[in-house]
Number of protein chains: 2
Amino acid sequence: MANIKDVARVAGVSIATVSRVINGNHKVGDACRARVQKVIKELGYRPNSNAQALVSKTKSTIGLVTPKLAMTFFGTLAAGVEKTAREQSYKLLMANSMYETQSELDAINSLRDHNCQAIVLHSEYSDEKTLIKLAEEIPGLVLINRYIPAIAHRCVWLDNIAGAAHATQMLLDKNHRDFAVITSIYQNRDPGARLQGIRQTLAGAQIPLKDEAIEESTANIEGGMQAVEALLARKVRFTALLAYNDLMAVGAIHALFAAGLRVPEDVSVVGFDDLIVARACRPQLTTMHYPVEEMASYAARLAIELSSNSTAEPAHRTHLFLSQLIERDSVASRSAN
Amino acid sequence: MANIKDVARVAGVSIATVSRVINGNHKVGDACRARVQKVIKELGYRPNSNAQALVSKTKSTIGLVTPKLAMTFFGTLAAGVEKTAREQSYKLLMANSMYETQSELDAINSLRDHNCQAIVLHSEYSDEKTLIKLAEEIPGLVLINRYIPAIAHRCVWLDNIAGAAHATQMLLDKNHRDFAVITSIYQNRDPGARLQGIRQTLAGAQIPLKDEAIEESTANIEGGMQAVEALLARKVRFTALLAYNDLMAVGAIHALFAAGLRVPEDVSVVGFDDLIVARACRPQLTTMHYPVEEMASYAARLAIELSSNSTAEPAHRTHLFLSQLIERDSVASRSAN
DNA sequence: CTGAAAGCGCTAACAT
DNA sequence: ATGTTAGCGCTTTCAG
């Protein structure tokens with residue numbers, strides 16, 4: 001692979017000039033520039049990005065730390081970051097944290113070693129203090145899907161409460177009065193917020209939500225099935241079922257049909273996230289669309305900007321996105337009685 | 001951020017010694033090593049990987065070029081590569097090719113700029129000649145999901161013909177005699193191979209597969225629906241439907257039910273890939289499991305090995321994986337008549 | 001407008 | 001066993 005010296009030699013100029021041409025520096029004569037560019041093309045020269053990064057102490061690389069790529073949600077998140085990366089000619093460095101605090105930090109540190117200054121982090125288990133400290137050390141760190149007041153301007157997150165409230169209200173508007181909820185056993189953040197949105201909407205409508213109508217399980221298809229089976233086993237009566245996410249909703253639909261209940265005729269089901277599974281199940285799932293890809297692109301742009309412009313940080317603002325109701329076929333109206 | 005000089009100074013040794021400690025070189029005294037390690041910890045020193053890469057001309061980075069991360073299949077593929085990367089303490093550099101030949105090459109080149117020597121490539125559109133040339137230039141390049149005889153030992157791929165044949169045979173064994181196939185309009189590679197597997201199995205059993213029983217469409221849920229609608233519209237009769245992939249199979253199930261046909265009572269449907277949608281639809285899909293994640297991990301290991309050991313290449317071998325039948329609920333036996 | 005030269009942080013001979 | 005030193009390929013003053 002040709003290097004800058006080769007180009008300089010062949011073009012009959014100094015390496016400094018070649019460097020200027022590469023970097024679009026204006027102070028190069030036209031004839032000279034043309035000649036250098038010709039040689040670059042001929043030799044197939046491409047600057048060594050490690051050397052560039054070493055000397056300029058800055059690198060066009062954005063890092064992403066995410067729990068589990070194989071899950072649709074995170075794959076989509078990664079796609080969003082990648083989109084921004086491509087648009088801005090950044091490289092994307094990935095690290096999977098596998099849901100463990102320590103590897104979350106390891107992952108971030110390894111990104112820093114590669115002096116990657118813009119980082120998008122989906123942190124599941126690190127506590128706020130750790131994250132705040134990290135944010136101070138890394139100007140280009142942006143959190144996605146998490147809100148920490150102290151670093152609000154570095155958080156790109158979704159209003160889960162409003163989303164869940166919206167879904168609940170829609171069910172209320174369709175005359176449902178008997179609700180059940182299946183949620184994650186991990187009642188941290190998202191599940192907690194969504195449950196809260198449901199609770200306060202129901203409370204506002206004077207509709208009781210008994211504890212026995214809430215079932216916790218793992219946040220996947222199997223968990224959804226088990227949760228509904230449990231609900232049914234203890235004879236909870238409901239015409240509307242709110243699931244923590246699409247996966248649980250899909251499991252719920254399976255369990256409901258297995259028990260001889262029809263969706264949406266007997267029970268209406270609504271999910272959250274709007275993953276591909278929502279369109280795969282039958283009936284197709286009515287759900288709250290989580291604009292992950294858009295949010296991730298946005299977060300990446302934010303991270304890049306923060307990492308380059310060290311302007312005074314506008315601390316008094318955060319980046320809150322809203323989920324949107326997607327009405328498909330898993331919800332029906334109840335005739336008022 | 002502390003650098004190697006800082007560590008050397010504080011520890012009262014030369015930078016060479018620090019370097020030796022970092023790299024686990026044995027020729028360092030115990031006391032000395034301990035002292036250096038202590039200082040490293042105290043200062044929170046982490047070697048600058050750009051400098052390391054620059055001088056050693058080698059980098060613990062594996063690159064992945066893939067069409068579209070947001071699709072489950074590719075997300076899972078990425079997860080597989082990531083797994084190997086983590087196990088071997090490699091970094092994962094991603095590049096999305098977005099299904100365009102030029103960006104496929106751009107992506108690879110940008111990986112090379114970062115002198116990343118191990119690369120896993122899922123090439124959709126580059127022609128064989130280009131890939132062969134690339135493989136010559138990059139010892140650590142491995143192709144996934146594609147077979148090119150000239151570089152067989154660099155290909156990690158799936159026997160699509162055998163997989164499709166297996167699915168077809170299973171249907172035959174269950175006494176199906178009237179087949180229909182929905183496949184991708186892009187008849188390159190995978191779709192072609194799978195169709196071939198179906199064709200030859202059917203031919204072997206003396207069962208005709210008329211052209212009118214084959215419908216092409218886009219390889220997604222909508223495409224599956226449209227294809228089945230087309231089949232139905234032209235009154236093709238079939239009790240067994242083979243879909244190019246799970247997405248199309250799911251769309252097919254939707255369209256079949258919409259037309260008043262039951263799955264599997266009236267028609268048996270089988271997919272290919274075993275994505276999460278296969279478990280989301282109802283009935284859950286019988287499908288051929290594509291071990292993408294495993295293959296991707298394997299490909300990554302192979303890429304790393306090839307990039308480091310430049311041993312004589314064992315050209316007389318390839319890396320062929322087999323898909324496995326997963327029987328769920330979308331297939332029923334026909335009573336022999 | 002262009003060139004010479006000084007490093008960026010690290011590794012790897014080569015000395016001692 | 002440890003230190004000295006010469007680069008790796010590039011950017012960036014500083015001269016001219």
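Every chain is numbered from 1, with letters handed out A, B, ... down the list of sequences.
Within the helix from dC1(C)-dG16(D) to dT16(C)-dA1(D), the inter-axis angle between the opening and closing five-pair segments is 40°, rounded to 10°.
Atom OH of Tyr186(B) has 12 or fewer neighbouring heavy atoms from other residues, nucleotides or ligands inside a 6.0 Å radius.
A close approach under 4.0 Å does not occur between any side-chain nitrogen or oxygen of Ser19(A) and OP1 or OP2 of dC10(D). For dT11(C), the OP1/OP2 oxygens have no side-chain nitrogen or oxygen of Lys57(B) closer than 4.0 Å.
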N/O donor-acceptor pairs under 3.5 Å from side chains in residues 133-144 of chain A, not counting sequence neighbours:
| residue | atom | partner | partner atom | Å |
| --- | --- | --- | --- | --- |
| Glu137(A) | OE1 | Arg112(A) | NH1 | 3.2 |
| Glu137(A) | OE1 | Arg112(A) | NH2 | 3.3 |

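Between His319(A) and Tyr298(A), the two ring planes are tilted [angle within 30° to 60°]. Taking the six-membered ring for Trp and thresholds of 30 and 60 degrees, Phe73(B) and His122(B) have ring planes more than 60 degrees apart, a perpendicular arrangement.
Comment: Arg301(B) does not engage Glu305(B) in a salt bridge, judged by the lack of any side-chain N to carboxylate O separation of less than 4.0 angstrom.
For the salt bridge (Lys or Arg N to Asp or Glu O under 4.0 Å) test, residues two or more places apart in sequence or in another chain that qualify with Glu42(A) are Lys38(A). With sequence neighbours excluded, no residue forms a ring pair (Phe, Tyr, Trp, His ring centres under 6.0 Å) with Tyr90(B).
Checking dT11(C), dT2(D), dT2(C) against the side-chain heavy atoms of Val28(A) singles out dT2(C) as nearest. In the set dC10(C), dC8(C), dT2(C), the nucleotide with an atom closest to the side chain of Asn3(B) is dC10(C).
Using a 4.0 Å cut-off on heavy atoms, the residues of residues 44-56 of chain A that approach DNA chain C are Leu54(A), Val55(A), listed by number.
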Grab the N/O contacts between the protein and nucleotides 3-5 of chain D below 3.5 Å, and write none if there aren't any.
| residue | atom | partner | partner atom | Å |
| --- | --- | --- | --- | --- |
| dG3(D) | OP2 | Ser14(B) | N | 2.8 |
| dG3(D) | OP2 | Ser14(B) | OG | 3.1 |
| dG3(D) | OP2 | Thr17(B) | OG1 | 2.7 |
| dG3(D) | N7 | Arg20(B) | NH1 | 3.3 |
| dG3(D) | O6 | Arg20(B) | NH2 | 2.3 |

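Position along DNA chain D of the nearest nucleotide to Ile22(A) versus Lys5(A) favours Lys5(A) as the more 5'-ward residue.
Within the 4.5 Å cutoff, the side chain of Phe321(B) has no heavy atoms near those of the Asp159(B) side chain.
Summarising the geometry, atom CD belonging to Glu293(A) is positioned 9.0 Å from atom CG belonging to Leu77(A); distances are rounded to the nearest 0.5 Å.
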